[in-house]
Protein chains: 2
Amino acid sequence: MAKRRPRQVDVAKHAGVSPAIVSLVLNGKTDDKIRISPQTVERVKASMRELGYMPNPIARSLATGHNRILGVFTYESVFPLQSENFYFPVLVGIEDEIEAQDYDLLLFTRSRRYAGRRSVYRDGVNQLLMADGSIVFGRDVAADEVARLHDEGYPFVSIGRVETDRPISYVATDYAGATFEVIEYLVGHAHRSIAYLGAPDRSVSYRDREGGYRMAHEHLGLALDERRVRYVDPETLRADDLQALLDGGATAIVCEHHRLAVALLRVARERGLSAPRDFSLALLGEPPRAADSLANCTTFRIPLYAIGVEAVRLLARVLDGHEGPLRSTLSCDFVSGHTVATLAP
Amino acid sequence: MAKRRPRQVDVAKHAGVSPAIVSLVLNGKTDDKIRISPQTVERVKASMRELGYMPNPIARSLATGHNRILGVFTYESVFPLQSENFYFPVLVGIEDEIEAQDYDLLLFTRSRRYAGRRSVYRDGVNQLLMADGSIVFGRDVAADEVARLHDEGYPFVSIGRVETDRPISYVATDYAGATFEVIEYLVGHAHRSIAYLGAPDRSVSYRDREGGYRMAHEHLGLALDERRVRYVDPETLRADDLQALLDGGATAIVCEHHRLAVALLRVARERGLSAPRDFSLALLGEPPRAADSLANCTTFRIPLYAIGVEAVRLLARVLDGHEGPLRSTLSCDFVSGHTVATLAP
DNA sequence: CTGAAAGCGCTTACAG
DNA sequence: CTGAAAGCGCTTACAG
């Protein structure tokens, strides 16, 4: 049958040299200090061709300690290959840049199958080790796992700021700044009393937005009424909730999440209310295309593709030996939309 | 600094056993014939935890000869991660099934950078060797490379039939059958004289369609006029070409490729002609969403997602030791559309 | 039931 | 300029 592939020794024997020479010729280390006679090089190359030799990349990885493979791990429950997925453009950016950096791309799809929350560790074993380095992302990057990865010395970059005391590398999105800008815009339209509708789960990116909201109040000299900051599940949002905010004097509402905004518009309709007629509305982050009711919403655009690209760039630098954490924060583009009206004095 | 990761020997020493025992415990080979005392197992596990040991997957790959990684290589110039890409749904199917089969997914993005046509071989070296097996696809899977892969004994599955004498595994699309069905449909609408507009490049999938066209003529007892079979570049298609076909008696036209159909409708419009009023039109394969002018075209749907899934299934069987080539041919769904009219007698 | 050894196929100091 | 050897970190027969 198919006789086993020739190995380096076979080539060495065939060419009458030692395996080391074959390795050197293979890796083109023939010009530096270690000089091999041109005839020898030619003889080795001829033998390689003749025997149809091709080096085993696994063995090479073991010997060198790297393999030019970059891994991608997501904490999302579903791999972001579905193009409607929020993270899909990030993945495209990652892929493009991994190609540009001349790496292959390993998608850790296996891990998904293991119970409970997704985890980089399976039975306590780091699943990323096959790749030279990895990018991890998802709405909820697990701070403890990331800390452990760091402590192990595994090279990785997180997409999304992670709250940990470890000096990890990440690319963050400036949700705080973008939210600040939205509040500024509302204030520029004469709003002084802006309600904040947040998700019940206070993940980092949400808290960053809220931070921007609070900072804007401080910097712009607006009074902040805590009764106007509400965390609510879109499922349970009632028309009464909206009414209460408006009765409390709010003239504008910002929503952390598109589902909150959709729910808000729905309950508004129940009462015959709409934006921007009865209240102004801004969304803190781009809505998915499918959310028709938000097509013209005032919001900001998250640079998803660029985030993916930047993550790979940082990872490449880490792998090139950069010491210390590497961090980038990318800003969002404000989108004025049509759900904010100037408040009549 | 970060002291190097503990290896198996370290655990062995710590637990006072030989490395072999650690390996056995690690791989749970503790129940079969080789029995290790429960205390020993516990001691080893405790040592592993204590030292924070995690096995090196590369070393394991080298020793076992596999790593539960499946590769994906495309002959397309651009990786099909762009969601508008024809092959994108195939990739999604591949990814889903690779996950289901508990493998990781290695995307060979590196190869793209190497000059000329895309190739599995870089400087003569098979780039796929890192993965246990791979799926290759693209509009033009290189028959010579695929033959070589087969001769080397590398496990792979091709998406798309490949014309080679080697018994390779592939999943094909029944373009011939689908085209047959289209012709049958046209004949059912009283057409007897059906022109065939093909691409100048006669890649396998195109020839399969043409085969279906010819077979349909034979089986349905239709005369086939070779002057009605034309290979033409969509760029150079002229209104005169259409006119000539119609003057020659053609009442219906089938197009191999959506760009041909778009071009055909364009030149038709120049003459004030349209389908299905002045001629009937069918497209031999689903148009991309962006092709508005073909939104209602009579055509057939290519089961792209299912093709990806099936390819992974075949590959998994090959890796499970199945001997001999594995082949699947998936059929397309006819889409009646609105570009075919019944011919007045 | 456990240990010592060879092997997976490379690369890289280290001698000559 | 080239060879012999050790090492990368595992697994798997093979002895005991």
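Chain letters run A, B, ... following the sequence lines, proteins first, then strands; residues in each count from 1. Since the structure is predicted, the reported quantities are computational estimates derived from the model, not experimental observations.
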Discussion item. What is the separation between atom OH on Tyr53(A) and atom C1' on dG9(C), rounded to the nearest whole Å?
Written reply: 7 Å
Side-chain donor-acceptor distances from residues 42-49 of chain B under 3.5 Å, at least two apart:
{"unit_1": "Arg43(B)", "atom_1": "NH1", "unit_2": "Ala15(B)", "atom_2": "O", "d": "2.4"}
{"unit_1": "Ser47(B)", "atom_1": "OG", "unit_2": "Arg43(B)", "atom_2": "O", "d": "3.1"}

Discussion item. Expected output check: what is the dot-bracket annotation of DNA chain C, where ( ) and [ ] are pairs inside the strand (brackets for crossing ones), | is paired with another strand, and pairs are Watson-Crick or G-U under 3.5 Å?
Written reply: |||.||||||||.|||
Worksheet item: In residues 54-68 of chain A, what residues come within less than 4.0 Å of DNA chain D, judged by heavy atoms?
Response: Leu62(A), Ala63(A)
Worksheet item: Rounded to whole angstroms, how far apart are CE on Met130(B) and P on dG9(C)?
Response: 14 Å
Item to complete: Can you sort out the partners of Tyr305(B) under ring-ring contact (aromatic ring centres under 6.0 Å, His included), two or more places apart, ordered by chain and number?
Response: none
Compile the donor-acceptor pairs under 3.5 Å between side chains in residues 61-69 of chain B and protein atoms, sequence neighbours left out, one pair per line.
{"unit_1": "Ser61(B)", "atom_1": "OG", "unit_2": "Pro57(B)", "atom_2": "O", "d": "2.8"}
{"unit_1": "Thr64(B)", "atom_1": "OG1", "unit_2": "Arg60(B)", "atom_2": "O", "d": "3.0"}
{"unit_1": "Thr64(B)", "atom_1": "OG1", "unit_2": "His66(B)", "atom_2": "N", "d": "3.2"}
{"unit_1": "Thr64(B)", "atom_1": "OG1", "unit_2": "His66(B)", "atom_2": "O", "d": "3.1"}
{"unit_1": "Asn67(B)", "atom_1": "OD1", "unit_2": "Ile69(B)", "atom_2": "N", "d": "3.1"}
{"unit_1": "Asn67(B)", "atom_1": "ND2", "unit_2": "Met130(B)", "atom_2": "O", "d": "2.9"}
{"unit_1": "Arg68(B)", "atom_1": "NE", "unit_2": "Asp102(B)", "atom_2": "O", "d": "2.8"}
{"unit_1": "Arg68(B)", "atom_1": "NH2", "unit_2": "Gln101(B)", "atom_2": "O", "d": "3.0"}

Fill in: Pairing residues for Tyr75(B) by the side-chain hydrogen bond (donor to acceptor under 3.5 Å, both in side chains) criterion, not counting sequence neighbours
Glu145(B)
Discussion item. Using a strict threshold of under 4.0 Å (side-chain N to carboxylate O), is an ion pair present between Arg313(B) and Glu97(B)?
Written reply: yes
Worksheet item: Of the residues in residues 14-23 of chain B, which ones touch DNA chain D at a heavy-atom distance under 4.0 Å?
Response: Ala20(B), Ser23(B)
Worksheet, complete the sentence: Between CD of Gln8(A) and C1' of dC8(D) the distance, given in whole Å, is 14 Å
Worksheet item: With sequence neighbours excluded, what pairs up with Ser328(B) under the side-chain hydrogen bond (donor to acceptor under 3.5 Å, both in side chains) test?
Response: Glu310(B)
Practice prompt. Could you check how far CG of Asn27(A) sits from C1' of dT12(C), rounded to whole Å?
Written response: 11 Å
Fill in: Length of the line joining Arg7(A):CZ and dT11(C):P, which is rounded to integer Å
14 Å
Discussion item. What is the separation between atom CG on Leu24(B) and atom P on dT11(D), rounded to the nearest whole Å?
Written reply: 9 Å
Worksheet entry | Presence of Thr40(B) side-chain N/O under 4.0 Å of dC1(C) phosphate oxygens OP1/OP2 | no
Worksheet entry | All ring-ring contact (aromatic ring centres under 6.0 Å, His included) counterparts of Tyr87(A), not counting sequence neighbours | Phe137(A)
Discussion item. Taking ring-ring contact (aromatic ring centres under 6.0 Å, His included) as the definition, give me every residue that meets it alongside Tyr170(B), ordered by chain and number, with sequence neighbours left out.
Written reply: none
Fill in: Between dC8(C) (C1') and Asp10(A) (CG): distance, integer Å
14 Å
Discussion item. Looking at Arg7(A) and Asp10(A), is there a salt bridge between them, counting it only when a charged N and a carboxylate O are closer than 4.0 Å?
Written reply: yes
Discussion item. Phe88(A): which residues meet the ring-ring contact (aromatic ring centres under 6.0 Å, His included) condition with it, sequence neighbours left out?
Written reply: Phe88(B)
Item to complete: Give the rounded distance in Å between these two atoms: CG of Asn126(A) and P of dC10(D).
Response: 13 Å
Worksheet entry | side-chain hydrogen bond (donor to acceptor under 3.5 Å, both in side chains) partners for Arg139(B), two or more places apart | Glu76(B)
